[in-house]
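A short worksheet on the structure shown next.
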Protein chains: 2
Amino acid sequence: MAESVAIPDRRQRRRQESIEEILDVALELMAEQGVAGLSLGEVARQLGIRPPSLYVYFASKNALYDAAFARGAKEIYDLYLDASQQVIATAQSADEALLRMGSIFIRWAIDHPVYAQLLFWRPVPGFEPTPEAYQPAVALMELGAELFAAMQDRRWLRSDVAADDLLRDWTIVISGIISQQLSNEPEVDFTSGRFTAALPSIVTMYVAANGVTTPARKPARKSTTTSATKESRRAHPR
Amino acid sequence: MAESVAIPDRRQRRRQESIEEILDVALELMAEQGVAGLSLGEVARQLGIRPPSLYVYFASKNALYDAAFARGAKEIYDLYLDASQQVIATAQSADEALLRMGSIFIRWAIDHPVYAQLLFWRPVPGFEPTPEAYQPAVALMELGAELFAAMQDRRWLRSDVAADDLLRDWTIVISGIISQQLSNEPEVDFTSGRFTAALPSIVTMYVAANGVTTPARKPARKSTTTSATKESRRAHPR
DNA sequence: GTCTATATGACGATAGAC
DNA sequence: GTCTATCGTCATATAGAC
């Protein structure tokens, strides 16, 4: 009896391999022809199968986009998790921490423009990521909030502004670098980009306004030279 | 003799009207279905004609995108030209000038998400704007360079950094706000957006680092990016 | 279970009649 | 300048071979 259903995991593993293989090809083609220019026929052609066979593994073209989105979100989340732990453990200043985090994040985005466009822009009409695919992106934001709260705790960043606002402004400047680099110099890599090169000055700018030593934001009025007057209000207290 | 070619401008005016009308419909549809999701069949349907008739006015779908790009570029250029003249004439500080310029630019982008995506992102696979369509965008950058040079001359912005670098960093933060707002809260307008609301704090941040009173950037050492060991190197000296 | 064969309808684009 | 007719390709759906 057990024999007839003996090796379901083998089949499933085989199936999973096929899914990953299709995804690999699809991502390659998106890199060549643009994210929204993906053709299932071309995917099938590259794999040596007929287009309808793809529907065994993906219910629709958008399901393929969703899987790509999920893979990219997971990848950047893992990378960011690892990086933030290292940075929290070893960084000596806000400048250093932000430079390292920004560098890792931006480098990944420029190295993976397809993921970056899929995750940060909306290039595919009609496609919305499912909550499952989107989940790592949410976790990524929470990770960011924790990191910024930790920097506030260390008095690296001012505490009279909510960590959420600090993080929002940080995402603005980082996504600004990525967005400008990808749209103005799409073929240039992280090392030689004109906009990626702005990261140090952008970090300095950020810290000039949000570091504890230089409260340049609309003054909190209550002398914020050292600490907050009535405690910080943070999104993810520890 | 003159009679046989008597009214060419009438025909041409009529033709131009048709072109504008087609463009209007196309932009509406892009707003509804996404920039890359434009369908020529749907455009023709809305106009009560057959799809092939569109080819009398536009050589291809990309030619239509090109015309849309040109129209958007011209519109934002005119807006920016007007605004920068007013700001140069009346603003009293870097903070005020940048807040006004940023506000006008971002508001336009959020109010015209189709133009913004077409101009600032690359949502349509295979489409590259022609030099003619792109020209106002170049002029816009030159306008920005002049504005920043003028602010340096007034000692509103530090002069130990090239105006081009100041402008580059400014485009980064502004495009960051636009990019984040359009991708995270696409349906929210300028007034209520979470990221558009960050403009004042972003401007303060920018001025904290690049205003003359607070040189927070890595002190004018041997320059951060390339050469230029001394003096400011500006793109458009006056 | 996995694939092929085949079909449908929409798409961008072209040719040619009127 | 507009039409009809048509082509090749696309995403997608279904039926059925192995």
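Because the structure is predicted, anything quoted here is derived from the model rather than measured. Every chain is numbered from 1 and lettered A, B, ... according to where its sequence line falls, protein lines coming before strand lines. Hydrogens, waters and symmetry mates play no part in the numbers below; they use all other heavy atoms, side chains included.
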Which of C/dA5, D/dT2, C/dT14 is nearest the side chain of B/S53? It is D/dT2
Problem set entry | Modelled atom types, side-chain donor and acceptor of A/D169 and B/S201, under 3.5 Å | yes
Worksheet item: How are the rings of A/Y206 and A/F148 set to each other: parallel, tilted or perpendicular (split at 30° and 60°)?
Response: perpendicular
Per-nucleotide protein contact along nucleotides 6-11 of chain D, 5' to 3', at a 4.0 Å heavy-atom cut-off (B base, S sugar-phosphate only, - neither), is ----SS
Taking atom CZ as the centre, does B/F190 end up with more than 12 heavy-atom neighbours from other residues, nucleotides or ligands that are less than 6.0 angstrom away? yes
When rounded to whole Å, the CG to C1' distance for the pair B/N62 and C/dG12 reads 11 Å
Separation of C/dG1 atom P from A/I49 atom CD1, nearest Å, is 19 Å
message = Under 4.0 Å from OP1 or OP2 of C/dG12: is there any side-chain N or O of B/S60 that close?
response = no
The single option from B/L27, B/I22, B/L54, B/I19 that satisfies side chain to side chain contact (heavy atoms under 4.5 Å, CB included) with B/L64 is B/I22
* Looking for any heavy atom pair under 4.0 Å, which part of the strands does A/R50 touch: base, sugar-phosphate only, or nothing? -> sugar-phosphate
If you look at every strand shown and take non-hydrogen atoms under 4.0 Å, does B/F58 touch a base, only sugar-phosphate, or nothing? nothing
A/L47 atom CG is separated from C/dT4 atom P, nearest whole Å, by 11 Å
B/Y57 OH to C/dG12 C1', in whole Å, measures 19 Å
Would B/E75 and B/W108 count as having a side-chain donor-acceptor pair, cut-off 3.5 Å?
-> yes
- Query: When the ring planes of B/F127 and B/Y65 are compared, do they come out parallel, tilted or perpendicular, using 30° and 60° as the limits?
  - Reply: tilted
When rounded to whole Å, the CZ to P distance for the pair B/R11 and D/dT2 reads 13 Å
Of C/dC3, C/dT14, C/dT4, the nucleotide closest to the side chain of B/P52 is C/dT14
